[in-house]
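Reading through the structure tokens given below for one structure.
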Amino acid sequence: MIAEIIVDVSAYPIDRPFDYLVPEALESVIEAGARVKVPFGPRKVLGYVTGLKQESALNPKKLKPIHELIDLEPVISGELLDLSRWLANHTLSYEIDALQVMLPAALRAKYEKFIVVTEPEQLLDADFIHFLAGRKRVPLKEVDSSSLMKTVKKYVGQGIIAVDTKVGQHTAVKKIRMIRIASHEKLQEVLSAIQSNAKKQIELVQWMIRHAEETLGAKTVMEQTGIQSTVLKAIIEKGAAVEEFAEMYREPDAPMLKDVAIPEVPTTEQQVALDKLAASADSGKAETFLIHGVTGSGKTEVYLRTIKHVLDKGKEAIVLVPEISLTPQMTARFKERFGPLVAVMHSGLSAGEKYDEWRKIHRGEVSVVVGARSAVFAPFQNIGIIILDEEHESTYKQEDTPRYHARDVAIKRSEHYGCPVILGSATPSLESYARASKGVYTLLTMTKRAKNQELPAVTVVDMREELKTGNRSMFSVQLADAIRQRMERKEQSVLFLNKRGFSSFVLCRDCGTVVECPNCDISLTYHRAHERLKCHYCGHEEQVPLVCPECESEHIRFFGTGTQKAEEEIAKLFPEARVIRMDVDTTRQKGAHERLLRQFSEGKADILLGTQMIAKGLDFPNITLVGVLAADTTLHLADFRAAEKTFQLMTQVSGRAGRHDLPGEVFIQTYSPEHYAIELSKAQHYEPFYTHEMMARKQYGYPPFYFVTLIQFTHEDLLKVADFAEKGSRYLKDNLSPDTVIIGPTAAAISRVNNRYRYQCLIKYKKEPKLTETLQQLIKYYRTDWIKSGLTMSVDVEPVSIY
DNA sequence: AGCACGCCGACT
DNA sequence: GTCGGCGTGCTC
């Protein structure tokens with residue numbers, strides 16, 4: 001029997017199956033989707049069985065046998081195996097990367113090299129003998145001095161010692177020690193044999209007699225009896241109990257926040273959506289729905305009830321949410337409804353915890369998974385529905401290889417299972433809404449808030465006017481008044497600061513110089529806490545200059561609107577205000593995010609000040625004011641989606657106010673109040689925004705009118721990168737259809753990162769059947785020739801941003 | 001990607 | 001004469 005195996009080597013010529021002999025002993029157990037350890041050239045690597053067959057086209061002498069079968073039960077199902085092939089092809093990545101992205105990191109291989117002494121009597125080097133200290137097998141990494149390394153090399157050359165690679169797993173299954181207590185009679189027997197001065201032992205056996213034939217955790221036994229582990233050990237040796245190890249799951253302790261009250265009866269709009277979804281789920285067709293529901297319209301309730309419907313039919317559900325809204329408040333709602341049937345996957349879990357959640361899914365112990373992007377690969381076997389909440393979020397696109405979009409994967413999987421996909425959003429992406437308009441997706445609209453609350457009153461504040469009247473602070477008079485009012489009424493305010501882009505940089509007021517990173521063409525961000533400047537791209541760090549590096553003026557200081565600066569201004573304006581700041585700095589610690597939100601929900605602060613991360617999911621009854629300090633930051637990004645992103649953000653943020661009984665009010669501060677993205681987000685007018693934005697996209701030939709693929713080149717040498725980019729785009733122009741537009745090559749918006757120059761070209765097309773094939777050919781040129789000169793090239797099919 | 005093989009310069 | 005530089009080529 002022959003196995004086709006994809007080996008764990010990310011390289012161009014290796015990106016194909018290799019044939020291996022299946023040892024006879026494994027023939028009856030080996031299955032496609034299992035991991036194996038195989039010899040590959042001179043080393044051993046991990047591989048995935050992708051197929052089994054009787055004959056190989058190769059010379060049988062070339063075939064090597066599989067070294068070891070790691071999984072008796074495949075870790076990749078047949079469906080996921082097909083999906084990985086599609087994914088690799090679609091995103092132009094290696095098949096091995098497509099396979100590994102589906103599994104928790106704990107299942108990926110860890111390689112460790114060992115020195116193995118084969119001819120001990122031939123060892124002569126005194127230092128080396130001393131280093132070995134009698135050992136026959138030593139981890140190679142213990143060899144740290146260069147002289148020892150030399151000796152090792154010499155001995156390897158002479159065949160006196162060998163190097164062996166151990167292929168291991170990252171995280172093991174967590175096991176706990178269990179104690180199975182013997183029978184009553186046996187215990188009596190043990191008891192009579194104990195010397196009378198061993199009081200603790202007697203005490204323990206007597207306790208055990210009361211728990212005869214039970215199996216308890218060793219820890220529990222020691223806690224309950226207050227007896228030392230040595231005593232327990234002695235008793236076990238005497239035969240009073242047997243030690244066992246039980247697999248257990250690491251239980252990530254989620255602090256429970258209270259769920260909002262569930263409306264007893266769905267609203268009419270919810271019911272219409274529910275009926276259609278249920279009918280589709282029962283039909284066995286793969287249908288994609290777009291739920292366009294205003295903030296607070298109760299989309300989550302629709303998800304929950306549809307999941308219930310699907311579970312009742314014995315099927316499973318995948319719920320994807322953006323990482324930042326995957327809060328305990330969010331997951332608690334699912335756990336409350338479906339209890340132990342829910343697995344949660346998010347980046348806050350340790351590798352072991354993620355592996356445990358994955359195993360629960362793999363073994364079929366749960367039926368619902370709630371998670372971020374990668375949960376779309378949940379190893380279910382009978383999926384009944386896949387839901388993407390906040391479908392417009394760019395985090396659904398993975399930014400490194402394989403550069404997949406969770407939406408595409410979800411739809412692909414749904415086709416296999418003949419089940420519906422729900423895309424939900426208050427501000428759908430233009431792509432999705434366009435598809436819904438064309439009938440590719442089924443549109444479900446929810447225009448009313450579930451509890452019939454009014455949408456909050458939105459005021460756009462023109463900051464130019466504020467400046468004219470001499471107000472140089474970050475807070476307009478109107479917003480400051482509104483905050484003051486809330487404090488008097490003991491209501492809460494949320495202040496949103498869009499930190500993306502050029503938030504807090506150091507600027508010379510005399511010559512206008514901005515301090516930039518020496519490695520990347522981007523301004524350095526000022527960090528108040530350490531009084532330093534940091535580059536967000538390469539991590540470069542430096543002191544804040546005292547004089548301008550260009551004109552030596554002393555009028556150089558930080559400028560802009562970081563959360564720390566906003567916090568200081570609040571302290572000046574409202575000295576008595578209790579403020580919680582949420583940004584990357586204050587939420588880095590594990591659990592900090594939840595802790596801060598809980599403090600706010602418990603009314604321990606008047607003002608919540610934060611970045612992106614507070615735009616979503618916040619749902620507390622006492623919030624009646626939302627302020628956007630600077631709406632412009634996203635508006636002026638060098639990206640064709642800038643307006644769309646701004647509109648989405650403004651709408652999301654506004655939705656945080658007045659979700660319950662108290663009416664909400666929103667202030668948006670901007671220097672461009674007349675911009676349609678701002679103007680139309682005031683009343684959450686999605687349709688007019690869509691129409692307007694679609695016109696702009698059509699005019700400039702951007703998605704959804706065209707598909708876009710981005711090719712990026714980087715090199716240390718500006719001239720070389722320009723040359724290669726030119727060659728690349730030349731090749732594309734020559735090989736793609738004449739209707740396809742190739743823009744560039746041009747320098748990227750951030751033209752240098754980490755001392756490497758960046759060039760890119762953009763392929764725009766409506767229909768390009770040869771695209772994958774042509775790109776594959778281009779990649780082949782790159783991988784075989786260009787790569788040697790230090791060039792890197794990456795392909796991003798349908799990128800979310802074109803920086 | 002690794003790793004071995006192999007062919008030319010500066011040292012014990 | 002050998003050690004070691006990294007160019008070339010292969011991995012079932």
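Computed from a predicted model, the values in this text were never measured in an experiment. Residue numbers begin at 1 in each chain, while the letters A, B, ... track the order of the sequences.
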Taking the cut-offs as 6.0 angstrom to the six-membered ring centre and 45 degrees off its axis, would you call A:R137 and A:F114 a cation-pi pair?
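Yes; both conditions hold, so A:R137 lies above the ring face of A:F114.
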Do A:R16 and A:F18 form a cation-pi contact, if we require the NZ or CZ to be under 6.0 Å from the six-membered ring centre and within 45 degrees of the ring's axis?
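Yes.
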Under 3.5 Å: donor-acceptor pair, side chain of A:Y20, backbone of A:P39
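It does hold such a pair.
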Strictly distance-based, threshold 3.5 Å: is any side-chain N or O of A:E142 a donor or acceptor partner for the main-chain N or O of A:P139?
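Between the backbone of A:P139 and the side chain of A:E142 there is no qualifying donor-acceptor contact (under 3.5 Å).
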Indicate, with a heavy-atom threshold strictly under 4.0 Å, whether [X] touches base, sugar-phosphate, or nothing.
X	result
A:L63	sugar-phosphate
A:R783	nothing
A:K61	nothing

May I ask you to check whether A:F713 and A:Y759 place their ring centers less than 6.0 Å from one another?
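Aromatic pair excluded; centres sit 6.0 Å or further apart.
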I want to know whether A:Y706 and A:Y765 have ring centres closer than 6.0 Å.
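No, the ring of A:Y706 stays outside the 6.0 Å limit from the ring of A:Y765, centre to centre.
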How many Å lie between [atom1] on [X] and [atom2] on [N], as a whole number?
X	N	atom1	atom2	answer
A:I14	C:dC10	CD1	P	12 Å
A:N59	C:dT11	CG	P	12 Å
A:D19	C:dC12	CG	P	11 Å
A:K62	C:dC10	NZ	C1'	9 Å
A:D15	C:dT11	CG	C1'	14 Å

Mind telling me whether A:Y731 and A:Y781 have parallel, tilted or perpendicular rings, with 30° and 60° as the class edges?
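Ring orientation of A:Y781 relative to A:Y731: perpendicular.
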Check each residue of residues 82-93 of chain A for a non-hydrogen atom within less than 4.0 Å of any atom in DNA chain C, then write out the ones that pass by number, or none.
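Nothing qualifies; none.
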Which sits closer to the 5' end of DNA chain B, A:I787 or A:V156, going by the nucleotide each is nearest to?
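On the 5' side of the pair lies A:I787.
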May I ask you to decide whether A:R413 forms a salt bridge with A:E79, counting only side-chain N to carboxylate O separations under 4.0 Å?
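A:E79 and A:R413: salt-bridged.
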Under 4.0 Å between a side-chain nitrogen and a carboxylate oxygen: does that hold for A:R85 and A:E95?
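Salt bridge between A:R85 and A:E95, a charged N being under 4.0 Å from a carboxylate O: yes.
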Heavy-atom contacts under 4.0 Å between residues 27-48 of chain A and DNA chain B, which residues?
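Listed by number, they are A:P42, A:R43.
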With a 4.5 Å limit on heavy-atom distance, are the side chains of A:K354 and A:W358 in contact?
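With C-beta onward as the side chain, the pair stays apart.
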Do A:V38 and A:V45 come close enough that some side-chain heavy atom pair is under 4.5 Å?
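Answer yes - side chains close enough.
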Where does the chain A footprint on DNA chain B start and end, counting 5' to 3' with a 4.0 Å heavy-atom cut-off?
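Listed 5' to 3', the contact boundaries are B:dA1 to B:dC3.
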